[in-house]
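Reviewing the structure listed below.
For this chain, numbers begin at 1 and follow the sequence in order. Side chains included, hydrogens not; waters and symmetry mates left out as well; all remaining heavy atoms used. What you see is a predicted model; the values in this text were computed from it and never measured.
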Amino acid sequence: MRTEKCAFFLSIKYMTLSQFIQSPKSNHPNYVLLGHPVEHSWSPLMHNIALQHYDIEAEYHAIDVQSKELIDLASFFNRDSFLGANVTIPYKQSIANYLDSIDVSAQKIGAVNTIVKNDYQLEGYNTDYAGFTEPLQPYEFELEGASAVVFGTGGAARAIVYGLTEMGLEEMFLVSRSPNRITSYRDNRRVQIVSYENWTSFAEEALLIVNTTPLGMDPKIDSSPVRDEEKQYLEAKICYDIVYNPVETKFLKQASEAGAQMIDGLEMLIQQGSESFKLWTGYPFPINIVRDTLYEKLEN
């Protein structure tokens with residue numbers, strides 16, 4: 001890709017939904033990221049590279065949707081220029097109210113992160129679980145029958161529980177600040193909700209420890225779900241942070257200091273984006289080109 005194109009993609013800014021609807025860009029074919037906040041997202045860079053790779057006449061934009069703007073989503077989706085979307089926090093569950101159908105996997109997960117527009121019908125999918133499990137494939141035999149500690153209980157955690165169940169993990173301990181209020185996993189016998197005060201009691205038997213919370217995400221890069229005095233519980237574990245900005249989060253720094261194996265969130269971003277792109281366009285994602293560009297962005 002030419003340097004000027006990379007520079008253009010790096011300069012793309014987010015808009016609110018109202019701003020985007022009023023802008024000329026909304027009249028051109030578009031894919032969008034819907035969420036709040038979205039200013040940290042690298043999805044526009046990643047998907048615009050892929051669209052350019054195939055000379056597809058469309059652009060991908062990050063849209064910061066305020067809660068008061070949700071009422072405008074239905075009319076926005078009906079525009080001919082709208083082609084599809086990714087959905088991020090906090091709308092992965094509530095977005096189902098605006099869709100005509102939901103894929104079986106997304107129904108089981110209880111969260112949608114990808115919207116496909118098919119003959120004016122809006123279909124909901126979840127590509128997070130496939131994106132999450134792909135980097136774990138080298139460990140699949142070790143993880144079968146093992147247990148995991150997962151920080152967070154939101155939409156991303158739902159997809160991860162589904163993915164880990166598919167991989168054959170026996171037990172998952174989800175860490176919540178309000179464990180008594182979490183009821184959505186009540187019917188899943190493999191899941192136990194625990195508190196931040198007692199998660200270390202389950203760490204010894206766990207092989208995998210995952211952060212699905214925003215802790216450590218730019219600009220709050222000094223935060224982690226693990227307190228410094230607890231980092232010894234990460235020793236000899238596979239530590240996976242789905243945060244990708246920065247790639248080396250405080251959680252992963254703690255894991256490194258404890259001698260753990262580490263997986264950062266950049267590969268999950270790429271893999272879930274790959275699945276979304278194929279659903280929208282039918283084309284395979286240019287993974288190597290996207291990966292090289294993202295790492296070039298990191299180096300700069």
Side-chain angles (χ1 to χ4, degrees), residues 9 12-23 25-26 30-48 50 58-77 79 82-99 102-103 106 109-117 122-132 152-160 211-221 223 241-246 249 265-266 268-277 279-280 294:
F9 294 145
I12 291 174
K13 303 297 183 182
Y14 71 95
M15 290 181 274
T16 67
L17 181 61
S18 300
Q19 289 171 335
F20 184 68
I21 290 173
Q22 293 168 17
S23 77
K25 291 182 180 295
S26 67
N30 60 78
Y31 297 93
V32 297
L33 171 67
L34 304 172
H36 177 72
V38 296
E39 61 263 31
H40 66 280
S41 178
W42 291 2
S43 290
L45 169 62
M46 182 172 70
H47 283 293
N48 280 315
E59 286 186 5
Y60 186 108
H61 304 275
I63 308 298
D64 193 308
V65 181
Q66 309 292 317
S67 57
K68 64 183 179 181
E69 296 179 308
L70 290 173
I71 194 172
D72 298 322
L73 277 181
S75 60
F76 174 67
F77 290 154
R79 286 174 166 237
F82 171 76
L83 302 178
N86 285 133
V87 184
T88 188
I89 54 173
Y91 303 122
K92 290 186 179 185
Q93 293 163 265
S94 59
I95 199 68
N97 298 325
Y98 301 89
L99 306 180
I102 300 177
D103 174 69
I109 293 168
V112 167
N113 83 315
T114 301
I115 299 173
V116 175
K117 193 174 186 181
L122 299 174
E123 304 167 350
Y125 295 85
N126 192 299
T127 68
D128 279 338
Y129 80 92
F132 174 79
T153 57
R158 288 169 175 266
I160 285 166
N211 176 37
T212 75
T213 76
L215 294 172
M217 182 187 295
D218 184 54
K220 299 180 180 179
I221 61 174
S223 58
D241 199 332
I242 71 168
V243 171
Y244 61 86
N245 186 9
T249 59
L266 195 59
M268 177 180 172
L269 172 73
I270 294 169
Q271 295 295 337
Q272 63 82 23
S274 173
E275 295 297 318
S276 295
F277 190 81
L279 286 169
W280 293 328
L294 293 184

Mind listing the closest non-hydrogen atom pair of [X] and [Y] along with its distance?
X: Leu83; Y: Ala58; answer: CD1-CB, 4.0 Å
X: Gly216; Y: Ser223; answer: N-OG, 2.8 Å
X: Ile102; Y: Ala96; answer: CD1-CB, 3.5 Å
X: Gly124; Y: Ala106; answer: O-CB, 4.1 Å
X: Glu275; Y: Ala130; answer: CG-CB, 4.2 Å
X: Gly273; Y: His47; answer: O-CE1, 3.3 Å

Indicate yes or no for a side-chain donor-acceptor contact from [X] to the backbone of [Y] under 3.5 Å, with no hydrogens or angles considered.
X: Ser26; Y: Phe20; value: yes
X: Asp218; Y: Pro246; value: no
X: Gln22; Y: Gln19; value: no

Looking at [atom1] of [X] and [atom2] of [Y], how far apart are the two atoms once the value is rounded to the nearest 0.5 Å?
X: Phe76; Y: Asn30; atom1: CZ; atom2: CG; answer: 5.0 Å
X: His40; Y: Lys220; atom1: NE2; atom2: NZ; answer: 12.5 Å
X: Tyr129; Y: Ile109; atom1: OH; atom2: CD1; answer: 6.5 Å
X: Tyr91; Y: Asn97; atom1: OH; atom2: CG; answer: 13.0 Å
X: Leu34; Y: Ile89; atom1: CG; atom2: CD1; answer: 13.5 Å
X: Leu266; Y: Leu294; atom1: CG; atom2: CG; answer: 5.0 Å

Partner residues of Ser41 under the side chain to side chain contact (heavy atoms under 4.5 Å, CB included) criterion, sequence neighbours left out: Leu33, Ser43, Pro44, Tyr244

Does the side chain of [Y] come within less than 4.5 Å of [X]'s, by heavy atoms?
X: Val112; Y: Lys92; answer: no
X: Asp128; Y: Ile242; answer: no
X: Val32; Y: Leu17; answer: no
X: Val116; Y: Tyr125; answer: yes
X: Glu59; Y: Asn48; answer: yes
X: Met15; Y: Lys25; answer: yes
X: Leu70; Y: Val65; answer: yes
X: Asn113; Y: Thr127; answer: yes

Evaluate Val38 against Ile63 for side-chain contact (heavy atoms from CB on, under 4.5 Å), listing each step before the verdict. CA-CA 7 Å; Val38 296; Ile63 308 298; 6.0 Å; no

Residues in side chain to side chain donor-acceptor pair (under 3.5 Å) contact with [X], at least two apart in sequence or another chain:
X: Glu39; value: none
X: Thr114; value: Asn86, Ser276
X: Thr88; value: none
X: Thr249; value: Asp241

Test log, rule side-chain contact (heavy atoms from CB on, under 4.5 Å), inputs Leu269 and Asn245: CA-CA 10 Å; Leu269 172 73; Asn245 186 9; over 6 Å; no

Tell me, with the steps shown, if Phe82 and Phe77 meet ring-ring contact (aromatic ring centres under 6.0 Å, His included). CA-CA 6 Å; Phe82 171 76; Phe77 290 154; 4.9 Å; yes

Which residue pairs pass the side chain to side chain donor-acceptor pair (under 3.5 Å) test with at least one member in residues 64-75, sequence neighbours excluded? Ser18-Glu69, His36-Asp64, Asp64-Gln66

Does the side-chain contact (heavy atoms from CB on, under 4.5 Å) test come out yes or no for Trp280 and Tyr60, once each step is laid out? CA-CA 12 Å; Trp280 293 328; Tyr60 186 108; 3.7 Å; yes

